[in-house]
Q: 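After the structure tokens below, expect a handful of questions from me.
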Amino acid sequence: MSTRHPGLLRRLLTHRQGGAGLLLLLAILLLAAAGPLLWPGDPWEMAAPPMLWPGEDAANPLGSDVMGRDLLTGLVSGARVSLMVGLVSTLIAAVLGTLIGAVGGYHGGRIDAALMRLTELFQTVPTFVLAVVLVAVFRPSVATAVLAIGIVSWPATARLVRAQVLSLRGRDFILAAETYGMGTARLLWTQILPNALPPVIAISSLTIAHAIQTEAALAFLGLGDPNVMSWGTIIGGGREQLVEAWYVCGLSGIALVVTVLAFNLLGEGLNDCLNPHLRSQ
Amino acid sequence: MNRRDLMLAGLGLAALPDLALAQGHAHATAAGTPVRGGTARIVVAEPPILTSAFITTMNIGMVSSKILEGLVSYDLELKPVPALAESWDTAEDGLSVTFNLRRNVRWHDGRPFGSADVRFTLLEVWKKLHPFGRAVFANVTAVETPDDHTVTIRLSAPAPYLFNYINTYGAQILPRHVYEGTDVLQNPANTAPIGTGPFRFKEWVRGSHVALERNADYWQPGKPYLDGVLFRFIPDPVARTVALEAGEIDVTIGSLVPVTSLRRFSDAAKYTINTDDGRFLASIFLAQINVRRPYVSDRRVRQALSHAIDRAALVRLVWQGYGKPATGPIPSSVSQYYARGNPQGFDPKRAEALLDEAGFKRGADGKRFRINLVSGSGDSLESNRAGEFIKQSLARIGVELELIIEDSAAYLRRVYTEADYDIMTSSLHKLPDPTLGVQRLYWTKNIVRGAPWTNGSGYSNPELDRIMEAAAAEGDAAKRRALVTRWQAIVQEDAPILDLVELTWTTVSTARFRKDRPQGDGMFAGLEDAWLALAR
Amino acid sequence: MAGAGTLSAAPAARGGLPPLLRRLLQVVPVLFGIATLNFLILQLAPGDVVDVLAGEAGAATPETMAALRQSFGLDQPVWLQYLRYLGQLASLDLGHSYRLNLPVRALILTRLPPTLLLMVSALLLAIVLGSLAGILAARQVGGWLDTLLSGVTLLSYAVPTFWLGLMAIVLFSARLGWLPSGGMLTIGASHDGLALLQDLAAHLVLPAVTLSTFYLAVYARLVRSAMLELHGADFIRTARAKGAGEWRITLHHAFRNALLPMVTMAGYQAASLLSGAVLVETVFSWPGLGRLAYEAIRTRDLNLLLGILFFSSILVVIVNIAIDGVYRLVDPRVAPRARRA
């Protein structure tokens, strides 16, 4: 959502967003990292009375689910899962997208045309449905979820990198490097990619946010890893008790919203700070 | 649908209920005079077809039973009650059984029902195509029809279990004039059935509902009371529950209200929770162990696993008390064969001792070894949660469990074709007679690679084989019971299968919905005796 | 669920052929690609149709299973199966759902109208309310409405639709009892005419609003920035100089220009809207394609799932072509490829 011709006020606001996102994210990371120390224990342990409401018992401050599992421990575990899935799948998407975009943009011609067709294909297929199919077919697990999300998330990055590479290609320093006989791979690696990277970082923050949402949606549909407690798992499991114990779905959803919000804010901030020139195009 | 049906297939299937809860008002034997009229709105999972004669999928049975009938139905003690058969008689030597059929019964298309229909369905459908019918009627050598209302079955050996599987779910009677000479499995009547039952098929809108209308010519005069039955498909459990509360539907059968929501229907003035409708299925949630694998090939390890699982806690936490800890392969509802107590019950200390004795000591990290537990994706939420429960239980004795949820095809292939698993969970119907529902799980001859719901543990014990085969052909009730008792002791000791929870199937209805006659196979009731009280 | 899409660059333009023909030609490799993808997934999947069938039947012997595999052609070489698969798809035969015992195409077609109804309602809602919010916000930059809008926008990007739907059920159905919690019609109630429409509308409100939230925010921002941009443009100033009222200017000039990016956006969002529908329909038991997909997931009905994937991809392609047409209608001066640049 890059707006053109931003006013000064708007720009400031955007920076404020980036800052807010960063702080929020730091807090979440801290919780995810320190959680196991503060609230040790297995999130699957069925130790509490079932369906305890938040605040009802100090031992389980956020209550328990229908199986008597502590919700706070579950949420902290879910934070680690969500962050991990978001980061790794985005890494996959970023690598795939950068590779495809850079190769296509640099080579042009048929290779570019073929790669753009592929990109178009992945933008035509409803990506969530494709992710669902992949995970359902290859058995739900953290690994399949990460791979599936990575596989459906790269096209935006690829297009962005391609556009960057196209605009860089004609620049003097690239032409100079070519004249010196620098090989394609080396040229891409040392000259083009470093310059094309900033927008990739910005978009990756948004991709992480989306990946976290997708993982939760998969788990909600029953396509989560049965050995791993993620926020989507908690929402999906709490759905049957939606009316009696809505806090189970409610709290894990709020955790999800806050985390996604943090990455979105950060992404916008990064976008503004890392490629101000995009805004003046 | 989902795993639930899948299993069903296997007889398997799942569910839940119980006894432990004080749902004293269990059966809807309501006081009051039946009222004519009204349409009962019932929620079921959408079935793939509407004929049960050759398939065991439960939700098919729940719908088709209103349209098509069997020779008998079952009461709460699982004793046969006349339906299309008015009476029956077994010869002294047990080698022939005669059914006297009801007269003046007509198919919904007006043709008369008679002995030729029974003979045709038995020989051409049940015996050839029905997954269990093949076993039930295996000893049948001939079917004689001396007249239109008499059927005599000749047997090569006594088949006492036969009387336990001739209701509309186990042996549904099809109209010969519609099916003879056709490909039974592809007959169009399978999706628009013509039966003798209290309701006629009216329409099926896929994804939405099946509508049935009153059969005015039904053989019980004055019945059915209802003008029709509307089966609605509401796949989402929350939506079903809300719809029942809102009075948009009258009944949910087959445990479609999640156990965790049942408490919302505990007000007996407004709702009825029936926990007896599934007695006939005698379903047990169990963990089957692949005895061909390392670690679990050792009987002591299997016993340790059995000792590690607190079945009472499992029932309480996962099934919310709707169910009962299982002691052995036969549930308590099949009272004449039920074995009280299990020597391999909950005892974590004993479990640890057994594992130490077997040489699998705890490592530095406190773990002994790692195995997996496979379940199917279509299973109930309870089945998934039970997996989580078992994982926690085994962790306490140092056994690490990896949970694997496979889709139906991959699950069946992994268990029955590739035997690539350590433990699998499933909910299997044990049926009222062990020869029908239990033997298949232990019998050496039933280790059939690639065939689902056979002996998938790979357990083989020649002595047990002999006992099971003797029990099948034993006509004397007392002798048969003695054989089954020995059989249970052996499988408890060897533990190739850990029977965990006797499942209770719940039927939840609004108090308006009444049914006069309690049935052990109430999930497959014809509902000719059901009526809707006037709204107050 | 379309967060990442918001930054994606528009497809690059290449030109030459007449636009419509060019679009249609572009579709062919895309469909071919999807078909190939589908086939790959089918081949790599563990277990096959025969395993499922055997499970359904309750029992099967290895012999009957082998015979079944033969009858489905599963014993043939992979390339032959691939060709057969392409041939089937070319004749729009999406295969058979062995779970529901019906052809996949028939299943999909009967579930399509509810999905279209839901998607179109959500899109209209997003466009109308989003435009309104955007216009109002732009009239007073930094005002309370503008601030509220940016807050809501941020949130709506972050809130997963399925969770929003669940919470809406808790509040509006369970607690307040204002709206039905799911379904499309009160089955069994034989309404007709106005009563039927009312019934449908009551069931439609929650899912449509839930699905539209994200897009509503997108359109609001789009319209807001288009407005701001145009407020300073020459022709607006001219209009203002001629004494046209603020609302008149807004509606006649600025809004008309904002329409173009909105139409473009609608095209890009067809795919994500379909993805969103899967979740929303699941939450609200809306009997459309999305719920069919959920049922297919639960029963692992692979044929059906792949059929839905293929079909919904076609749907996206069709919507995109239609958008091209609409685009020309809205602004005949602009060649379709220009907007894509």
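Residue numbering restarts at 1 for every chain, and letters A, B, ... go by the order of the sequence lines. Keep in mind it's a predicted model, so treat the numbers as computed, not measured.
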Q: Is chain A contacted by the side chain of C:V283, its backbone, both, or neither, given a heavy-atom distance below 4.5 Å?
A: both
Q: Sequence neighbours left out, what passes side-chain contact (heavy atoms from CB on, under 4.5 Å) with C:S312? Give chain and number order.
A: A:P126, C:L274
Q: Is it the side chain or the backbone of C:I314 that comes within 4.5 Å of chain A heavy atoms, both, or neither?
A: neither
Q: Specify which of A:F138, A:W246, A:F220 makes the most heavy-atom pairs with chain C at under 4.5 Å.
A: A:F220
Q: Does either side chain, that of C:Y215 or that of C:S272, offer a donor lying less than 3.5 Å from an acceptor on the other one?
A: yes
Q: Go through the atoms of C:L164 and report whether side chain, backbone, both or neither lie under 4.5 Å from a heavy atom of chain A.
A: neither
Q: Under a plain distance cut-off of 3.5 Å, with no hydrogens placed, do C:T153 and C:S150 share a side-chain donor-acceptor pair?
A: no
Q: Just to verify, what does A:I254 make a side-chain contact (heavy atoms from CB on, under 4.5 Å) with, not counting sequence neighbours?
A: A:V258, C:W163
Q: Where does C:V159 contact chain A at under 4.5 Å (heavy atoms): side chain, backbone, both or neither?
A: both
Q: Is A:A209 close to chain C through its backbone or its side chain, or both, or neither, when contacts mean heavy atoms under 4.5 Å?
A: neither
Q: Would you confirm whether C:T115, through its side chain, and C:L289, through its main-chain N or O, come within 3.5 Å as a donor-acceptor pair?
A: yes
